[in-house]
Undergrad: 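First the structure, which I've put down as structure tokens, then a few questions once you've had a look.
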Amino acid sequence: MGLELKQSICINIINFNMFDCPEFHSHFTVMEKNRHEVLTDKCSIIFFELKKISKNANKNNRKELWLQLINAESKEELDMLAQTGVEPIQKAVYTLYQMSEDEKIQEMAHQREISLHDEATRIGGALRRAKEEIARNLLKRGRPIEEITEDTGLTRSEIERLQLQ
């Protein structure tokens with residue numbers, strides 16, 4: 001009994017034009033370069049180029065509607081999508097409106113952003129203190145400043161400052 005390989009798909013939604021073609025959707029597979037023989041149908045790489053998406057909603061093209069929703073930059077564009085009559089798109093637009101109007105959700109998002117920033121600051125400070133402690137230990141062992149700068153990433157003046165402490 002052999003193992004069956006599951007399909008792997010990499011989806012890239014990009015906000016720039018990557019390929020010199022008018023289509024917004026590009027689908028790649030792994031293929032032998034000279035014989036153009038597909039190696040496997042289990043691996044795909046897909047690109048959606050948002051800059052090529054039409055601003056006019058086409059309710060018959062669900063893929064394009066979802067990409068228009070991702071790419072929407074104004075209330076007018078969201079309203080146009082809500083008016084397509086496509087229920088999942090209408091629900092998504094309604095949810096976006098609810099989220100943007102809900103002060104509690106906005107405050108939670110703001111607090112999360114502050115928390116992430118604080119955590120990054122704490123980690124950066126801890127990393128800095130650890131490098132300084134390593135530098136102090138290396139100075140005590142008589143290692144040359146040039147080696148300490150290489151080992152810690154600290155500058156010569158930072159290490160000299162540590163010598164004076």
Side-chain angles (χ1 to χ4, degrees), residues 1-134 149-154:
M1 180 189 311
L3 292 175
E4 184 162 328
L5 187 62
K6 301 285 185 191
Q7 188 169 21
S8 174
I9 301 172
C10 175
I11 298 174
N12 303 276
I13 300 173
I14 56 178
N15 198 25
F16 58 91
N17 292 338
M18 186 165 183
F19 305 108
D20 189 21
C21 66
E23 295 84 16
F24 67 85
H25 175 214
S26 297
H27 185 150
F28 295 89
T29 59
V30 180
M31 182 181 296
E32 200 286 326
K33 185 176 179 178
N34 296 317
R35 295 187 312 273
H36 304 287
E37 181 180 326
V38 175
L39 177 64
T40 178
D41 63 349
K42 300 293 185 183
C43 180
S44 295
I45 303 171
I46 297 172
F47 289 88
F48 293 108
E49 297 170 276
L50 294 178
K51 295 286 186 195
K52 294 179 181 177
I53 299 292
S54 168
K55 293 291 182 183
N56 300 321
N58 175 0
K59 69 179 183 177
N60 297 320
N61 187 336
R62 297 278 176 104
K63 188 185 317 175
E64 190 170 7
L65 285 174
W66 283 110
L67 291 168
Q68 286 172 327
L69 181 66
I70 291 170
N71 203 29
E73 295 178 344
S74 68
K75 184 179 182 316
E76 291 76 24
E77 289 178 66
L78 290 174
D79 288 343
M80 176 195 62
L81 290 165
Q83 293 170 11
T84 61
V86 177
E87 188 177 345
I89 298 293
Q90 290 174 316
K91 285 181 179 179
V93 170
Y94 176 73
T95 301
L96 282 173
Y97 282 145
Q98 279 185 312
M99 289 173 58
S100 66
E101 292 173 2
D102 190 330
E103 291 180 24
K104 184 176 179 183
I105 291 174
Q106 287 179 350
E107 181 58 27
M108 286 171 51
H110 180 67
Q111 291 303 322
R112 175 78 175 136
E113 189 175 323
I114 290 171
S115 174
L116 290 172
H117 181 269
D118 290 348
E119 182 180 2
T121 301
R122 282 192 302 277
I123 291 170
L127 181 60
R128 177 89 181 156
R129 288 188 298 277
K131 287 181 178 184
E132 289 175 351
E133 186 62 29
I134 292 168
T149 60
E150 282 182 39
D151 293 344
T152 63
L154 297 174

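Heavy-atom basis, side chains included; hydrogens, waters and symmetry copies ignored. From a predicted model like this one, the values you see are computed outputs, not experimental measurements. Numbering of residues begins at 1 and proceeds along the displayed sequence.
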Undergrad: Please lay out, stage by stage, how Leu69 and Leu96 fare under the test side-chain contact (heavy atoms from CB on, under 4.5 Å).
TA: CA-CA 10 Å; Leu69 181 66; Leu96 282 173; 3.8 Å; yes
Undergrad: Would you mind listing every salt bridge (Lys or Arg N to Asp or Glu O under 4.0 Å) that reaches into residues 61-74, with sequence neighbours excluded?
TA: none
Undergrad: If you count every heavy atom of other residues, nucleotides or ligands that lies below 6.0 Å from His27 atom NE2, does the total exceed 12?
TA: yes
Undergrad: Got a second to check how far Glu132's CD is from Leu127's CG, nearest 0.5 Å?
TA: 10.0 Å
Undergrad: Please check if the side chain of Glu32 supplies one atom and the backbone of Asn34 the other of a donor-acceptor pair under 3.5 Å.
TA: yes
Undergrad: Check whether the side chains of Tyr94 and Gln90 place a donor and an acceptor atom closer than 3.5 Å, and report yes or no.
TA: no
Undergrad: Restricting to non-hydrogen atoms, name the atom on Thr152 and the atom on Lys131 that form the minimum distance, rounded to 0.1 Å.
TA: O-CD, 3.2 Å
Undergrad: Using a cut-off of 6.0 Å, state whether more than 12 heavy atoms not belonging to Glu113 lie near its atom CD.
TA: no
Undergrad: Decide yes or no on side-chain contact (heavy atoms from CB on, under 4.5 Å) for Ile13 and Ile70, but give the supporting numbers first.
TA: CA-CA 9 Å; Ile13 300 173; Ile70 291 170; 3.9 Å; yes
Undergrad: Would Ile11 and Ile45 satisfy side-chain contact (heavy atoms from CB on, under 4.5 Å), going step by step from the backbone distance to the final call?
TA: CA-CA 6 Å; Ile11 298 174; Ile45 303 171; over 6 Å; no
Undergrad: Quick one: CD1 on Ile114 to CD on Glu119, what's the gap to the nearest 0.5 Å?
TA: 14.0 Å
Undergrad: Between Asn58 and Leu65, what is the shortest heavy-atom contact and its length?
TA: O-CG, 3.6 Å
Undergrad: Report yes if some heavy atom in the side chain of Lys51 is under 4.5 Å from a heavy atom in the side chain of Asn71; otherwise report no.
TA: no
Undergrad: Under the criterion side-chain contact (heavy atoms from CB on, under 4.5 Å), I'd like the reasoning laid out for Leu39 against Met31: C-alpha separation, chi angles, the key distance, then a yes or no.
TA: CA-CA 5 Å; Leu39 177 64; Met31 182 181 296; over 6 Å; no
Undergrad: For the SG atom of Cys21 and the NZ atom of Lys52, what is their distance to the nearest 0.5 Å?
TA: 3.5 Å
Undergrad: Can you measure from CG (Leu116) to OG1 (Thr121) and round to the nearest 0.5 angstrom?
TA: 10.5 Å
Undergrad: Could you label the plane-to-plane angle of the Phe19 and Phe28 rings as parallel, tilted or perpendicular, counting under 30° as parallel and over 60° as perpendicular?
TA: tilted
Undergrad: Indicate the atoms forming the closest heavy-atom contact of Met80 with Asn56, along with that distance.
TA: SD-CA, 4.4 Å
Undergrad: On a heavy-atom basis, which atom in Leu81 and which in Ile89 lie closest, and how many Å separate them?
TA: O-CG2, 3.6 Å
Undergrad: Between CD1 of Ile14 and CG of Leu50, what distance do you get to the nearest 0.5 Å?
TA: 8.0 Å
Undergrad: Can a donor-acceptor pair be found, under 3.5 Å and without considering hydrogens, that links the side chain of Ser115 to the backbone of Gln111?
TA: no
Undergrad: Does the pair Glu133/Arg129 count as a salt bridge with the N-to-O cut at 4.0 Å?
TA: no
Undergrad: Would you name the heavy atoms of Ser54 and Gln68 that are closest together and state the gap between them?
TA: O-NE2, 2.6 Å
Undergrad: Where do Asp41 and Gln7 come nearest, in terms of heavy atoms and distance?
TA: O-NE2, 3.4 Å
Undergrad: Which pairs count as salt bridge (Lys or Arg N to Asp or Glu O under 4.0 Å) when at least one residue sits in residues 75-85, sequence neighbours excluded?
TA: Lys55-Glu77, Lys75-Asp79
Undergrad: Between OG1 of Thr84 and CG of Asn61, what distance do you get to the nearest 0.5 Å?
TA: 11.5 Å
Undergrad: Would you say Lys91 has more than 12 foreign heavy atoms packed within less than 6.0 Å of its NZ?
TA: no
